[in-house]
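In what follows, a structure is listed as structure tokens, so that the remarks can point back to it.
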Amino acid sequence: MDISFENEKYCSLKKTYETTIEEGVEAELSLPEYMPEILRILKSQAVPKINSWQTVGERVTVDGTCDLTMIYVGTDNCIYSFTGSRNFTRYAENSAFLTAEDVNVKASVKFINCRATNTKRAEIKAGINIVVSAFSKMEEDILKLMNSSDIEEKKMELSTMSLGCKKSKMFSMSDNFELENNSAAFIVRSTASAVLGEVRKISNKIMVKGETIVEIAFIPHEDKSTIVTVRKNLPINQILEFDGMDERFTGDITLDVTAVDVIIKNDSQGDGRSLDVGVTINAGITMWEQKDLSVITDAYAINGVVDLSYKKMSFYSALDAVRDTYVFRDTIDATKLGAECILDASCEENEPVATCENGAIVISGTIKAMIILKDTSGGYITTEKMLDYRYERSSECGDKKIECSPKVSVSSFECSLKNNEQIDVKAELQINCSVFSETEIDVVSEISELRESEKLNNSAITVYFPDCEETLWDIAKRYNTTVESIVLENNLVGETTKDIKMLFIPSGT
């Protein structure tokens, strides 16, 4: 037998390695003379910032900063904040980084503790988790027979997505803006979310437009018993170059804010009338190429015996692309708080999960609401609450196995006190993800000739009585003939044996 074939490349994406590095950070916060003594610590927070990461060989080097902030009530019954920053450099080593298509780094807070050691000093400790992930491009060979006159093949036609490239690139943006009605004395917090707008592909470059929504909460010089929140939109207009990118690719583009830095700028009077804002963003792309594949799931020889090798492969087809703003609402019971007004409200979101339920894509997760309030006696209180959200989108997923890595970011978070008994929560969630259906198939990966063989019998025609569950393929394979020959001999339509009592099996060629 003369067997010749070639291979067609199919690429998939696989997370080949992930590790979590625990980093402990601590600071002794010594208050300057101009700040009042500590009466009570109201809140502490740790904000890890990933400034950069670099891959060299098997090692990934992560550089970052963690801001440790104490928000306290002074002896004058006003609110103050004080921050100590700690730089860190951590390493992750694994052979997977050598061949990784892309490396991603994220940081989150594990715990934070703060205690006053005296009236002008506090000790703050935090643990952060740095997650380093390696993503690899997995190349698979799809077997295609070139000279198959002696070989019968069973094929499955697939329209699937083959990975084009997965890359990430960081960029920075900055701005300065004036405060209109107040001057800033102390920064309480600064957060940002990047919202993707227009995307254009030009050769190996991507032009990205959108905006970064920066929210800053500060204590004003004019009234240190309150907290003022301002929002600033920074336009994104970037042209990013990615190796391996091609205009014909389609896929995901994500923008993740990895660091936000805010500095108060004092005017000639010594008042903080403007803020310098710097934001670092990691732009990530996962691009796919549409491919129509014909994969061999079974084969046999008409005039001989061949040996087949199989491998299980997963093929992905584009099912849906979610680009949506979801307004989430909930309430928090405030009857026992004795609250008079809300001074500040912020939140943290966890990693979301995507599932397919009753013909809908469901993306769910949890938001941690953190609120500072003033009570009816003029004091200050804090409260935290975990809030669950659930986003649904009609889809044709049915009972298919799906692959989806959703990204959810909070672009707006607002809380309002209602009748001193209930806190109404409203959050705008930016939901972005591509949804793929996954099909697992046992594919023939190799066909090798073993030997020539004789026919099972020498008759020109064999009479066969099929079982109802048999297919013509199974019967043709057994008798070393072709499905086409059986169909022609018996004047059949299709390849099922249902309702067929008897078949005439012609001998193979």
Side-chain angles (χ1 to χ4, degrees), residues 27-47 49 65 67-86 114 116 119-122 124 172-193 211-235 257 259-280 340-346 370-374 378-380 382 412-415:
E28 289 283 345
L29 304 181
S30 298
L31 301 180
E33 288 298 323
Y34 66 84
M35 295 187 71
E37 295 180 347
I38 301 169
L39 179 64
R40 179 167 67 92
I41 295 175
L42 192 61
K43 180 183 177 182
S44 60
Q45 57 192 27
V47 180
K49 306 173 183 178
T65 304
D67 289 344
L68 300 167
T69 300
M70 173 185 65
I71 303 169
Y72 74 96
V73 180
T75 50
D76 58 354
N77 201 40
C78 290
I79 305 173
Y80 297 87
S81 70
F82 193 75
T83 299
S85 296
R86 295 294 180 266
C114 184
T119 57
K120 296 285 285 186
R121 186 186 296 269
I124 187 168
S172 299
M173 52 196 309
S174 61
D175 200 357
N176 173 273
F177 64 94
E178 301 291 326
L179 298 175
E180 295 180 358
N181 301 318
N182 302 99
S183 60
F186 305 97
I187 300 294
V188 172
R189 62 175 177 85
S190 55
T191 58
S193 64
E211 62 180 2
T212 301
I213 303 171
V214 182
E215 186 170 282
I216 304 165
F218 65 89
I219 301 164
H221 273 294
E222 293 79 7
D223 182 4
K224 295 184 177 65
S225 65
T226 189
I227 297 174
V228 174
T229 301
V230 294
R231 290 164 64 91
K232 176 72 172 178
N233 291 4
L234 306 181
V257 176
V260 184
D261 294 293
V262 178
I263 299 174
I264 300 173
K265 303 295 289 185
N266 293 328
D267 59 13
S268 58
Q269 306 297 321
D271 295 329
R273 291 290 178 182
S274 66
L275 301 174
D276 279 348
V277 179
V279 179
T280 302
E340 183 179 74
C341 65
I342 294 174
L343 299 179
D344 183 52
S346 60
M370 301 169 290
I371 306 170
I372 301 176
L373 310 100
K374 181 178 282 189
Y380 306 95
T382 60
S412 174
F413 185 77
E414 300 174 1
C415 291

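Nothing here was measured: the structure is a model prediction, and the numbers come from that model.
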How about Asp271 and Asn266: do any of their side-chain heavy atoms sit closer than 4.5 Å? no
Kindly say whether Met70 contributes a backbone atom to a donor-acceptor pair with the side chain of Lys43 at under 3.5 angstrom? no
Which heavy-atom pair separates Thr280 from Ser172 by the least distance, and what is that distance? OG1-OG, 3.6 Å
Are Leu31 and Ile38 close enough that some pair of their side-chain heavy atoms sits under 4.5 Å apart? yes
Over all atoms of both residues, closest heavy-atom pair of Lys374 and Ser225: NZ-O, 3.3 Å
Output yes when Arg273 and Glu222 qualify as a salt bridge under the 4.0 Å nitrogen-oxygen rule, no when they do not. yes
Steps toward side chain to side chain contact (heavy atoms under 4.5 Å, CB included) verdict (Leu179, Leu275): CA-CA 8 Å; Leu179 298 175; Leu275 301 174; 3.9 Å; yes
Got a second to check how far Thr229's OG1 is from Ile342's CD1, nearest 0.5 Å? 11.0 Å
Give, for atom OG1 of Thr226 and atom OH of Tyr380, the distance between the pair rounded to the nearest 0.5 Å. 8.0 Å
Flag the pair Arg189 / Ile216 as yes when at least one side-chain heavy-atom distance between them is below 4.5 Å, and no otherwise. no
Find the distance between CG (Leu29) and OG1 (Thr69) and round it off to the nearest 0.5 Å. 8.5 Å
Using side chain to side chain contact (heavy atoms under 4.5 Å, CB included), reason through Arg40 and Tyr72 one step at a time and then give a plain yes or no. CA-CA 6 Å; Arg40 179 167 67 92; Tyr72 74 96; over 6 Å; no
Provide the closest heavy-atom pair for Ser190 versus Val262 in the form atom of the first, atom of the second, distance. CB-CG2, 3.5 Å
Are any non-hydrogen side-chain atoms of Glu215 and Ser193 less than 4.5 angstrom apart? no
I'd like to know whether Ile79 forms a side chain to side chain contact (heavy atoms under 4.5 Å, CB included) with Leu343, so could you lay out the CA-CA distance, the side-chain angles of the two residues, the decisive distance to 0.1 Å, and finally the verdict. CA-CA 11 Å; Ile79 305 173; Leu343 299 179; 3.6 Å; yes
d(Leu42 CG, Cys114 SG) to nearest 0.5 Å is 11.0 Å
Plane angle bin for Phe186 and Tyr80 - parallel if under 30°, tilted between 30 and 60°, otherwise perpendicular: perpendicular
Check the pair Thr83, Asp67 against side chain to side chain donor-acceptor pair (under 3.5 Å), reporting the backbone distance first and the verdict last. CA-CA 6 Å; Thr83 299; Asp67 289 344; over 6 Å; no
Measuring from Asn176:CG to Lys232:NZ, what's the distance to the nearest 0.5 Å? 8.5 Å
From CZ (Phe82) to CZ (Arg121), nearest 0.5 Å: 10.5 Å
Any non-hydrogen side-chain atom of Thr382 less than 4.5 Å from a side-chain atom of Ile71? no
If you define the side chain from C-beta out and look only at heavy atoms, does anything of Phe218 sit under 4.5 Å from Ile264? no
Is the shortest heavy-atom distance from the side chain of Val228 to the side chain of Asp223 under 4.5 Å? no
Search all heavy atoms of Ile124 against all heavy atoms of Gln45 and return the closest pair with its distance. CD1-O, 4.4 Å
Does a side-chain heavy-atom distance below 4.5 Å link Val279 with Val214? yes
Where the side chain of Thr119 meets the backbone of Glu37, is there a donor-acceptor pair that is under 3.5 Å apart? no
To check you understand the geometry: which heavy-atom pair defines the closest contact between Ile371 and Cys415, and what is its length? CD1-SG, 3.9 Å
Show your reasoning for whether side chain to side chain contact (heavy atoms under 4.5 Å, CB included) applies to Arg231 and Ser412. CA-CA 10 Å; Arg231 290 164 64 91; Ser412 174; 4.1 Å; yes
Would you say Glu28 has more than 12 foreign heavy atoms packed within less than 6.0 Å of its CD? yes
Lys49/Asp261 salt bridge by N-O under 4.0 Å criterion: yes
Minimum-distance pair of heavy atoms, taken over all atoms of Ala27 and Arg86: CB-NH2, 3.3 Å
